[in-house]
Asks: 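The structure is given below, and queries will be raised subsequently.
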Amino acid sequence: MSGQRTITQPSNAPGAGETPYRGRWLALAVLVLAVLLVAVDATVLGLATPFLSEDLKPSGTQLLWIGDVYSFVIAGLLVSMGSLGDRIGRKKLLLSGAVAFGAVSVLNAYASSPEMMIAARALLGVAGATLMPSTLALIRNLFHDPRERSLAIGIWGAMASAGAAVGPVVGGFLLENYWWGSVFLINLPVMAVLVLVGVKLLPESRDPSPGPWDLLSVVLSMAGIVGVVYAIKEGATHGISAEIAVAAVVGVGALAWFVRRQLRLPAPLLDMRLFRNRGFSAAVLADLLTVLGLSGMVFFLSQFLQLVQDRDPLEAGLAELPAAVGAVTAGLLAGQAARRWSVRSVVGGGLAAIGVALAVIATVRTDTSYPLLGAVLLVVGVGAGFSFTVTADVILSSVPKEQAGAASAVSETAYELGAALGIALLGSIVTGVYRDFTVPAGVSSGAAADAHESLGGAVKAAMTLPADAGSALLSSAQHAFVDGLRLASAVGAVVLLGTAVAAWFLLRGQRLEDSADRDIEH
């Protein structure tokens, strides 16, 4: 844009000679609004699920699709959008995506059927894919000094956690006073501020020699990731079938073709040589497995607090605050801690803490007291704040500046792919255990069918029955849901503890940079 500074420094320019962008901290404040936009949207859905279920009456499978189709689409498009930002300009892509995100949020708010809601969430994924890679890539180009960059990434991650805290609280207030669609409309004022202020404050940055944007690679990336994730999700829910096998073969084939094509293109959509850096690959893998292990708990915890422990939406949102407080605090201290001790100590320790917390959740009962839940959530937040902040720093500092968008996209793809797989696999565990619960005698077949679809369906079915029968049905459904949550949390604990061990070995010798003149060259 005219009058705006464009950052296009080559990766091998000496860091010490680069002039810092004067408005970098104000620009960071704008970037975290985009993070808030995505984080708030992700967290309010969990609170809105019981209300959405009652109004739209989705099946159990449709409810899972509403929960994870956003992640499917965003995971399939992140690499393409990150590379597009490197080419056309990250500021341009970020602001365009923010406008689209706000517009599609309105479509989500006024969805009138499960199918429309699924489609709206998918479109939101398309818009969301433009936001996160752009924010991290702009941070990589705004902050040349590694210590400043670590702090900026910590603030970026802390605001994501703050959004995760603000979302449930604001969402809980809205759900108590308005209809469920209002939780999506809170995106609009944030988007408006982001666009209006971002136009003035954000500098443009792009790859000075990007090469063409390869559309075939875009298609292969999308088809590959969506095909594989769909096959895993449906296979976990319904078992193997010819349709699922075809999706898996198509997905794996598309990804193999994508990788082969990237290795041959003179200007690839994603430079596969990035994965030769052990620190980069280890950080990406740690992010993917961590989110996979966490996502089942995150997705179902709001339902547990509301539908099992009978908390109102605002109370449930406030109950989840310790996780955000822990993540914000740890995120701001993560860079300093990694330099004082080591990258692998901070990441491995953070992941181990989350694993232990999930193991504790595997022991919860329907009447577990809040102090234990609050302590567990605080530990989860601290562990996530340390590990995610440091892995993001490792990923960004391992690549040339002009590839920051593509590298950020890989990081975010791992995150979203982990979320999609986690909800698919761990969510299927919860759903599978839940659907097998025994319906008490005296409950009609129609009410039993509704109750077996989802816990929200059981709550609604119980209201239509005589008091004793309704209470017995709801109690049986709640215990089955908790059994599923416990099993999913146990699986998540195993995944996180295994990831902590892997990170300890794979991140051996990895260090964060100390000064700008030590910028890694490739």
Side-chain angles (χ1 to χ4, degrees), residues 42 45-46 49-50 53 58-72 75 228-241 244 247-248 288-309 351 354-366 368 373 376-377 380 384 415-439 451-459 476-500:
L45 180 63
T49 295
S53 298
S59 66
T61 299
Q62 287 176 325
L63 192 61
L64 282 178
W65 272 108
I66 290 172
D68 59 24
V69 70
Y70 172 84
S71 294
F72 284 6
V228 169
V229 175
Y230 173 83
I232 293 173
K233 176 192 178 300
E234 292 299 299
T237 305
H238 304 296
I240 303 301
S241 67
I244 292 170
L288 189 152
L289 293 177
T290 302
V291 177
L292 190 156
L294 267 175
S295 56
M297 181 204 75
V298 172
F299 184 71
F300 287 103
L301 187 61
S302 291
Q303 295 181 61
F304 172 80
L305 292 170
Q306 291 180 78
L307 301 181
V308 175
Q309 297 204 328
L351 298 182
I354 301 172
V356 171
L358 289 179
V360 174
I361 291 179
T363 68
V364 300
R365 304 183 306 273
T366 56
T368 295
L373 292 174
V376 167
L377 287 169
V380 168
Y415 187 96
E416 295 297 339
L417 190 56
L421 292 173
I423 292 175
L425 296 176
L426 302 182
S428 296
I429 291 174
V430 177
T431 302
V433 172
Y434 173 80
R435 284 178 173 171
D436 288 337
F437 81 86
T438 302
V439 176
H452 275 134
E453 280 294 330
S454 68
L455 184 56
V459 171
S476 182
Q478 288 174 335
H479 280 86
F481 181 86
V482 172
D483 287 343
L485 179 62
R486 290 170 60 178
L487 180 57
S489 296
V491 173
V494 172
V495 172
L496 263 297
L497 292 173
T499 305

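Side chains are part of it too, since the values below use all heavy atoms of this structure and drop only hydrogens, waters and symmetry mates.
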Asks: How long is the straight-line distance from CG of Asp483 back to OH of Tyr434, given to the nearest 0.5 Å?
Replies: 12.0 Å
Asks: Is the closest side-chain heavy-atom distance between Gln309 and Leu373 below 4.5 Å?
Replies: yes
Asks: Could you pull out the closest heavy-atom pair between Leu351 and Ala500, with the gap in Å?
Replies: CB-CB, 3.7 Å
Asks: Taking all non-hydrogen atoms of both residues into account, name the closest pair between Val308 and Phe481 and its distance.
Replies: CG2-CD2, 3.9 Å
Asks: Looking at Gly484 and Val430, what are the two nearest heavy atoms and their distance?
Replies: O-CG2, 3.5 Å
Asks: Do Arg486 and Thr363 touch side chain to side chain, with heavy atoms closer than 4.5 Å?
Replies: no
Asks: Provide the closest heavy-atom pair for Thr499 versus Val495 in the form atom of the first, atom of the second, distance.
Replies: OG1-O, 2.7 Å
Asks: So if I apply the side-chain contact (heavy atoms from CB on, under 4.5 Å) rule between Val376 and each of Leu358, Val360, Ile354, which one comes out positive?
Replies: Val360
Asks: Indicate the atoms forming the closest heavy-atom contact of Phe437 with Ala477, along with that distance.
Replies: CZ-CB, 3.9 Å
Asks: Of all the heavy-atom pairs spanning Gly355 and Leu496, show the shortest one and how long it is.
Replies: CA-CB, 3.6 Å
Asks: Could you tell me which residues satisfy side-chain contact (heavy atoms from CB on, under 4.5 Å) with Ala359, sequence neighbours excluded, listed by chain and number?
Replies: Ala493
Asks: Would you compute the distance between atom CG of Leu377 and atom CG of Leu305 and round it to the nearest 0.5 angstrom?
Replies: 7.5 Å
